[in-house]
Amino acid sequence: MTKLSDLGFDPWFETHADAIRSEGQSVARVSAVDRNSCMIRNEQGEIPAELSGKFLFNVESPADLPCVGDWVAVQYHNDGALAIIHGLFPRRTFLRRKCAGAEVDYQMIAANIDIAFIVQSCHVDFNLARLNRYLVMAADGHVESIVVLAKTDLISGEELQEKLAAIREAGISARVIALSNLNGSGFEEFRQLLLPRGTYCLLGSSGVGKTTLINHLIGRDDFDTKAVSGTGEGTHTTTRRQLIVLDEGSMFIDTPGMRELGLLGASEGVNKGFEDITGLSRACRYADCSHTGESGCAVLAAIEAGELSEERYAGYLKLRKESEYHELSYLDKRKKERAFGRFIRTAKKDMKRWDG
């Protein structure tokens with residue numbers, strides 16, 4: 001029988017168990033989320049789960065709702081065929097982004113991830129700016145990143161070396177694995193990184209080969225992929241995030257391709273994602289240097305000396321400003337929500353006095 005430890009429940013989570021669990025509740029892991037319904041995985045397998053009314057009442061933000069990879073406290077009903085979620089364990093690591101569109105709030109992608117594999121196709125999808133966004137997202141949630149350049153069979157060896165060089169010249173220091181699902185090149189190097197009880201996430205645009213890679217790992221086509229287009233790119237889109245347990249004990253979270261990768265309150269992630277610039281900033285004359293025009297700025301000096309590319313610098317400023325702008329909007333929104341909440345509570349108290 002599967003143990004919770006086989007699903008990644010380790011002593012770090014155990015330290016929070018007493019505070020999360022109540023009498024009669026058990027621990028399980030969220031394996032899929034589809035709107036307001038969940039699937040959870042426990043020692044026996046997967047079953048559907050719903051959120052308790054009290055849990056929903058206390059939710060202040062979409063980020064407070066369970067996401068794939070979360071550990072939750074549950075109570076079983078219908079002879080174990082259904083679970084009710086009563087509590088959410090703290091997240092050791094997470095992947096999140098700004099909600100798509102005009103809404104200023106967090107959307108959780110996955111939680112308690114050991115490594116995020118950021119997949120880009122060597123062919124049409126290769127984009128350094130988008131790669132930087134994924135790296136910042138992972139760094140913001142304290143998740144280790146590894147870049148996967150997929151579909152190497154679609155380009156020449158010389159073109160592959162050019163792309164690898166472009167990644168390093170852009171200041172990206174994350175490990176890079178080049179592989180092909182078609183001829184198997186690089187696949188063994190990728191597989192050796194996977195450990196039993198480890199949780200891994202695949203991030204990337206639609207059609208870059210994420211689901212094909214999972215099918216390759218499990219040795220069968222359990223997950224559908226659509227036909228390859230005339231350019232050699234796939235057209236599959238995963239419809240929901242789900243936790244997949246491989247035979248050797250490692251776990252994968254496959255995610256739908258994300259068209260928008262907005263950053264919200266990710267200043268720490270930006271600093272970690274641009275460690276070359278962060279390192280230079282330590283030599284700036286002023287501790288609060290904005291790196292936009294101050295005298296004695298080590299970052300601007302590095303650009304002038306040709307040690308830092310203007311493209312890298314521009315990307316850093318863009319992501320930093322975007323994150324700060326959305327964070328200010330988010331804080332303003334929460335301030336208004338709290339003020340409205342106080343107004344409602346006061347109004348209810350007044351009504352009770354009038355009724356009395």
**Asked** Salt bridge between Arg96 and Asp140, side-chain N to carboxylate O under 4.0 Å?
**Response** yes
**Asked** By side chain to side chain contact (heavy atoms under 4.5 Å, CB included), which residues pair with Asp288, not counting sequence neighbours?
**Response** Tyr286
**Request:** State plainly whether the residues Arg191 and Glu248 are in salt-bridge range, i.e. N to O under 4.0 Å.
**Result:** yes
**Message:** Donor-acceptor pair, distance only, cut-off 3.5 Å: does the side chain of Ser145 make one with the backbone of Ala116?
**Reply:** no
**Request:** Is it possible for you to say whether Met108 and Tyr134 belong to one hydrophobic cluster, with membership spreading through side-chain heavy-atom contacts below 4.5 Å?
**Result:** no
**Prompt:** Under 3.5 Å, is there a donor-acceptor pair between the side chain of Thr255 and the main chain of Leu202?
**Reply:** yes
**Item:** Main-chain N/O of Ala81 paired to Asn78 side chain as donor or acceptor, under 3.5 Å
**Value:** no
**Request:** Please determine if Arg92 and Asp10 form a salt bridge, counting it only when a charged side-chain N lies under 4.0 Å from a carboxylate O.
**Result:** yes
**Message:** Donor-acceptor check, side chain of Ser121 to backbone of Lys151, threshold 3.5 angstrom: yes or no?
**Reply:** no
**Message:** If hydrophobic clusters are built by linking Ile, Leu, Val, Met, Phe, Trp and Tyr wherever their side-chain heavy atoms come under 4.5 Å apart, do Val33 and Leu82 end up in the same one?
**Reply:** no
**Item:** Rounded distance (nearest 0.5 Å) linking atom CG of Leu7 with atom CG of Leu243
**Value:** 7.5 Å
**Request:** Answer yes or no: is there a side-chain heavy-atom contact under 4.5 Å between Arg197 and Ser250?
**Result:** no
**Message:** Checking Thr199 against Arg29 for the side-chain hydrogen bond (donor to acceptor under 3.5 Å, both in side chains) test, could you report, in this order, the C-alpha distance in whole Å, the side-chain angles of both residues, the deciding distance, and whether it holds?
**Reply:** CA-CA 12 Å; Thr199 302; Arg29 195 170 193 190; 2.9 Å; yes
**Minimal non-hydrogen separation, Arg320 against Ser290, with atom names** = NH2-O, 3.0 Å
**Asked** Parallel under 30°, tilted from 30 to 60°, perpendicular over 60°: which one fits the rings of Phe252 and Tyr200?
**Response** tilted
**Request:** Taking side chain to side chain contact (heavy atoms under 4.5 Å, CB included) as the test, write out the residues that go with Ala83, two or more places apart.
**Result:** Ile40, Ile47, Ala49, Val74, Tyr76
**Item:** Step-by-step side-chain contact (heavy atoms from CB on, under 4.5 Å) determination, Leu179 to Leu149
**Value:** CA-CA 6 Å; Leu179 62 77; Leu149 290 183; over 6 Å; no
**Prompt:** Within the distance-only criterion (no hydrogens, no angle test), does the side chain of Glu189 pair as donor or acceptor with the backbone N or O of Gly186 below 3.5 angstrom?
**Reply:** no
**Asked** How would you list all residue pairs meeting ring-ring contact (aromatic ring centres under 6.0 Å, His included) that involve residues 159-197, not counting sequence neighbours?
**Response** Phe117-Phe190, Phe187-His216
**Request:** Would you indicate whether Lys163, at its atom NZ, is surrounded by more than 12 heavy atoms from other residues, nucleotides or ligands within a distance under 6.0 Å?
**Result:** yes
**Message:** Strictly below 4.0 Å, N to O, side chains only: are Asp70 and Arg91 in salt-bridge contact?
**Reply:** yes
**Prompt:** For Gly171, does its backbone N or O pair with a side-chain atom of Arg312 as donor and acceptor, under 3.5 Å?
**Reply:** yes
**Message:** Let's go through Asn112 and Phe89 carefully: what are the C-alpha distance in whole Å and the side-chain angles of both, what is the deciding distance for side-chain contact (heavy atoms from CB on, under 4.5 Å) to 0.1 Å, and is it a yes or a no?
**Reply:** CA-CA 10 Å; Asn112 304 315; Phe89 279 69; over 6 Å; no
**Asked** Donor-acceptor pair, Ser323 side chain versus Leu319 backbone, under 3.5 Å?
**Response** no
**Prompt:** Is a donor on one side and an acceptor on the other found under 3.5 Å between the side chain of Arg282 and the backbone of Ala287?
**Reply:** no
**Asp247 vs Ile218 side-chain heavy atoms within contact, under 4.5 Å** = no
**Request:** Look only at the side chain of Lys321 and the backbone of Tyr316, and say whether a donor-acceptor pair between them is shorter than 3.5 Å.
**Result:** no
**Message:** Looking at Glu322 and Arg133, is there a salt bridge between them, counting it only when a charged N and a carboxylate O are closer than 4.0 Å?
**Reply:** yes
**Asked** Does any N or O in the side chain of Asp64 come within less than 3.5 Å of the main-chain N or O of Ser61, such that one atom is a donor and the other an acceptor?
**Response** yes
**Message:** For a side-chain contact (heavy atoms from CB on, under 4.5 Å) check, start with the C-alpha distance between Met39 and Val30, then their side-chain angles and the critical distance, and finish with the verdict.
**Reply:** CA-CA 6 Å; Met39 294 291 291; Val30 178; over 6 Å; no
